[in-house]
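Reviewing the structure listed below.
For reference, positions follow the sequence shown, starting with 1.
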Amino acid sequence: MRLTNMRLHQQSAAYFVRCMRSGCPARASQERAVAEPASRRCVWHDRVVAIDPLTGLAFALQSQPGVYAVLLGSGVSRVAQIPTGWGITTELIRRLAAAEGATIPADPADWYQSTFGKPVGFSDLLAELAPSRSDRRAILSGFIDPSPARPDERRPTAAHRALARLACTGRVRVFLTTNFDRLLELALSDAGLNPLVITNPAQAAGAPPFQHVDAVVFKLHGDYLDPDSMLVTEDELVAYDPATADRLSRALEDHGLVVCGWSGDWDPALHNALTSTTARRYPLYFATLGTPSTAAAAVISARSGIEVPIADADTFFTQLERRVAAIDRLGEPHPLDTQALVAGVKTAVGRPERLVDLEDLVIGAANTVYDSIRDETTFPAATTSGGDIGFAREFMAQARRYEAAAVPLVAALVAGVTWGSRADEALWARAVDRVANSNRVYGGQEALLNLRRLPALLCVYAVGLAAVDRGNFGALRAVTTDVEFRDINRRVQLVGALHPGRVLYDKLGAQGLALEVETNSAPTDDDLEALQTRRRGGKFTPASNVLHAWLREPMRATIPDDVRYTEAFDRLEMLLALAAADVETQTEEYTDGPAFGGFTWRDKYDPIPPEQRLKAEFDAAGAAWPPLVGGLLGGSAERAAAAFDALIKGAADARRNQH
């Protein structure tokens, strides 16, 4: 994580502690506080702050995985058309009245009490309507299970899916809920998790410590498939069973809390637990839809909570998950560190007396990447994420982390190649070699194993873009054919092992990344499903599109013009395809072959395709063609002619397949 991010979170947390405990001596005037949006105010002293509480919460989850629990109320499931417990109770009373020939009551609870001489109790009512356990479950299933007539209802919502993704990354592991439905459990299961589910006091008493569980769903009011566990009416919710209360108290003491969809109006037992917990190690974040209820305001005040105004639960949790993912992507390196590295390279490059300094900087950056991507906790070779969409999300998350890890070295190589000379080519090759052969893990899922080559691919493209822009083709040769990729069964020139479509091998994950760079926002599950089912059109060359977008900023100082950048990018991909085609014919080892990237569709209707224009340059110059002079294709015009034949045919085939 970036040092500045950590400091920002610490400063933000420290501010709230000072504000809530000390009296806020420098607080703004009441008039200014009222004029500011609620999302920018500390609810305790109305002091104006610069950080959106949602962003502060994202930093908290990202920097302290597993520290925060999430409390979900009925508001989170409402969009899925799941009724509340009281809603089920009143509907059962209406049905009871209809069955007995009575007028459907306007106030079901009053009608029940006047008819039967006692206040309604959910468990008693259900037991009277359905004596057997199976009958009770059948009645409740009719309110909560998906209906054949409306198959899209009563399914996990965007909020449940976002929470499941946060759980998969370990950001949230403990879920407390007053809901009877199983939407959260289903979302967690779909994401590849098998949560511990607690629905009654006996399970609460026997459960292991939550710190030892990957994911736990503590259903404080029971589960509809266990009707005897359900707490619905005011009498039932006055106090929890001692086992439930004890386990809840420990959870609240050990964790910070994020509350959403719970008003506090009908649950005195939970309200008392929240207001009486003495531990204050971590803050409480309370998502509010409009003005909080009196009960909710009391909880916020009692726990010095931070109010987070929201539009709805789906938007809240989706934005929260995206902001956590954004911090992850930018967590390393700190931009000032990268700027200092680039400045050091620019100062040392081209000066023989600074050769040692230059090597220390570049190889040091390569070693940092090497160490980062060898961390199999951050970059596991296998995942338990369930289904194609779950796997695609893990694939995309790892790709972003690889890209972030490679940023310092990419920036250093761009600066070095831009301002360096032929004397430095061996240094660029050594740095790329270090990254390309950093972690030979042979067991795992193929797409994640191939993805380990992404930092090397980014480095090769970065060197290549700078080389193409400056006509320094020796640097491109150095990192593509002077470097070997050493696998367990083969040794091949690096360009033969870095086909972008092989590195970004998961089709749905690659399309998801391409959509992300196009829209500048993380795709939703619906987006990924639409890509998978082809309800949403994909990209012809998603891997090429992603590389084009990710390398734009590192290249901006060298190639500030966007059109010129794209021209350099397309020219580089054609040169890489030539080199890969040449390696394929020059070795008996398996290679990935040439890739046909964005140049195949960007100029699709040009009467002279770009590869034909490049071939015309070669035909005119022959052996004096600059890439050959730089050592590409062995400096051989004969090998270049054969590689061009493969390039021209492959590009034509790619265009035909794009219809």
- Query: Would you say Arg536's side chain and Leu531's backbone share a donor-acceptor pair under 3.5 angstrom?
  - Reply: no
- Taking all atoms of both residues into account, what is the closest heavy-atom pair of Ala204 and Ile198, and its distance? N-CG2, 3.5 Å
- Message: With heavy-atom distances below 4.5 Å as the criterion, would you say the side chains of Trp262 and Leu274 are in contact?
- Response: yes
- Query: Minimum heavy-atom separation for His271 to Ala298, with atom names?
  - Reply: NE2-CB, 3.8 Å
- Query: Which atom pair, heavy atoms only, marks the closest approach of Phe395 to Ala447?
  - Reply: CE1-O, 3.7 Å
- When rounded to the nearest 0.5 Å, the distance separating CZ of Arg453 from OH of Tyr505 is 11.0 Å
- Message: So, taking the atom named CG in Leu196 and the one named CZ in Phe175, what distance separates them when rounded to the nearest 0.5 Å?
- Response: 12.5 Å
- side-chain contact (heavy atoms from CB on, under 4.5 Å) between Lys219 and Glu185, worked out: CA-CA 11 Å; Lys219 309 188 79 164; Glu185 295 96 300; 2.9 Å; yes
- Checking Ser263 side chain against Ser293 main chain: does a donor-acceptor pair fall under 3.5 Å? no
- Message: If you define the side chain from C-beta out and look only at heavy atoms, does anything of Leu513 sit under 4.5 Å from Trp550?
- Response: yes
- Task: Indicate yes or no for a side-chain donor-acceptor contact from Asp190 to the backbone of Ala187 under 3.5 Å, with no hydrogens or angles considered.
- Result: no
- Query: Going from CG on Leu448 to CG on Asp506, what distance comes out if it is rounded to the nearest 0.5 angstrom?
  - Reply: 8.0 Å
- Less than 4.5 Å apart, any side-chain heavy atom of Leu220 and any of Asp267? no
- Message: Counting only heavy atoms from other residues, nucleotides and ligands, does the tally under 6.0 Å from CG of Asn194 exceed 12?
- Response: no
- Drop me the distance from Glu253's CD to Leu248's CG, to the nearest 0.5 angstrom. 10.0 Å
- Message: Side chains of Thr524 and Arg161, heavy atoms from C-beta outward: is any pair under 4.5 Å?
- Response: no
- Query: Is a side-chain donor or acceptor of Asn179 paired with a backbone partner of Asp181 at a separation under 3.5 angstrom?
  - Reply: no
- Query: Do Ser249 side-chain atoms and Asp246 backbone N/O form a donor-acceptor pair below 3.5 Å?
  - Reply: no
- Task: Please answer whether the main-chain N or O of Glu321 pairs with a side-chain N or O of Arg171 as donor and acceptor at a distance below 3.5 Å.
- Result: no
- Return the minimal non-hydrogen interatomic distance between Leu188 and Ala164, and the atom names on each side. CD2-CA, 3.8 Å
- From the list Leu270, Leu252, Thr177, side-chain contact (heavy atoms from CB on, under 4.5 Å) partner of Leu71 resolves to Leu270
- Any side-chain heavy atom of Tyr285 sitting closer than 4.5 Å to one from Leu54? no
- Query: For the atom pair CG (Asn367) and OG (Ser372), what is the distance rounded to the nearest 0.5 Å?
  - Reply: 10.5 Å
- Item | Side-chain H-bond candidate by donor/acceptor type, Thr368 with Asp371, under 3.5 Å | no
- Query: So do Leu515 and Gln511 actually touch side chain to side chain, heavy atoms under 4.5 Å?
  - Reply: no
- Residue pair His221, Phe180: steps toward the side-chain contact (heavy atoms from CB on, under 4.5 Å) verdict: CA-CA 7 Å; His221 293 182; Phe180 310 121; 3.7 Å; yes
- Just checking, is any N or O donor in the side chain of Gln203 or Thr199 under 3.5 Å from an acceptor N or O on the other one? yes
- Task: Could you pull out the closest heavy-atom pair between Tyr282 and Asp254, with the gap in Å?
- Result: CE1-O, 3.7 Å
- Task: For Glu307 and Ile300, indicate whether the former's side chain and the latter's backbone hold a donor-acceptor pair under 3.5 Å.
- Result: no
- Note on the structure: For Pro268 and Val238 the tightest heavy-atom approach is CG-CA, 3.8 Å
- Query: So, does Ser301 use its side chain to make a donor-acceptor pair with the main chain of Ala297 at under 3.5 Å?
  - Reply: no
- Query: Considering only heavy atoms from C-beta outward, does the side chain of Leu186 approach that of His160 to under 4.5 Å?
  - Reply: no
- Task: Calculate, to the nearest 0.5 Å, the distance between atoms CZ and CD belonging to Arg400 and Glu403 respectively.
- Result: 10.0 Å
- Between the side chains of Thr244 and Asp241, is a donor N or O closer than 3.5 angstrom to an acceptor N or O? no
- Query: Which of parallel (below 30°), tilted (30 to 60°) and perpendicular (above 60°) describes Phe218 and Phe210?
  - Reply: perpendicular
- Quick check: are there more than 12 heavy atoms from other residues, nucleotides or ligands sitting under 6.0 Å from CG of Asp214? no
- Message: Please determine whether side-chain contact (heavy atoms from CB on, under 4.5 Å) holds for the pair Thr169 and Val324, giving the CA-CA distance in whole Å, both sets of side-chain angles, and the decisive distance to 0.1 Å.
- Response: CA-CA 10 Å; Thr169 59; Val324 171; 5.6 Å; no
- Task: Indicate yes or no for a side-chain donor-acceptor contact from Arg322 to the backbone of Ala522 under 3.5 Å, with no hydrogens or angles considered.
- Result: yes
- Message: Looking at Arg173 and Val213, would you say the former's side chain and the latter's main chain have a donor-acceptor pair under 3.5 Å?
- Response: yes
- What's the verdict on salt bridge (Lys or Arg N to Asp or Glu O under 4.0 Å) for Arg393 and Glu516, showing C-alpha distance, side-chain angles and the deciding distance? CA-CA 12 Å; Arg393 287 211 168 275; Glu516 181 173 88; over 6 Å; no
- Item | Val70 vs Cys260, side-chain contact (heavy atoms from CB on, under 4.5 Å): CA-CA, chis, key distance, verdict | CA-CA 8 Å; Val70 172; Cys260 185; 5.8 Å; no
- Message: In the structure I gave you, are the side-chain heavy atoms of Phe391 and Leu508 within less than 4.5 Å of one another anywhere?
- Response: no
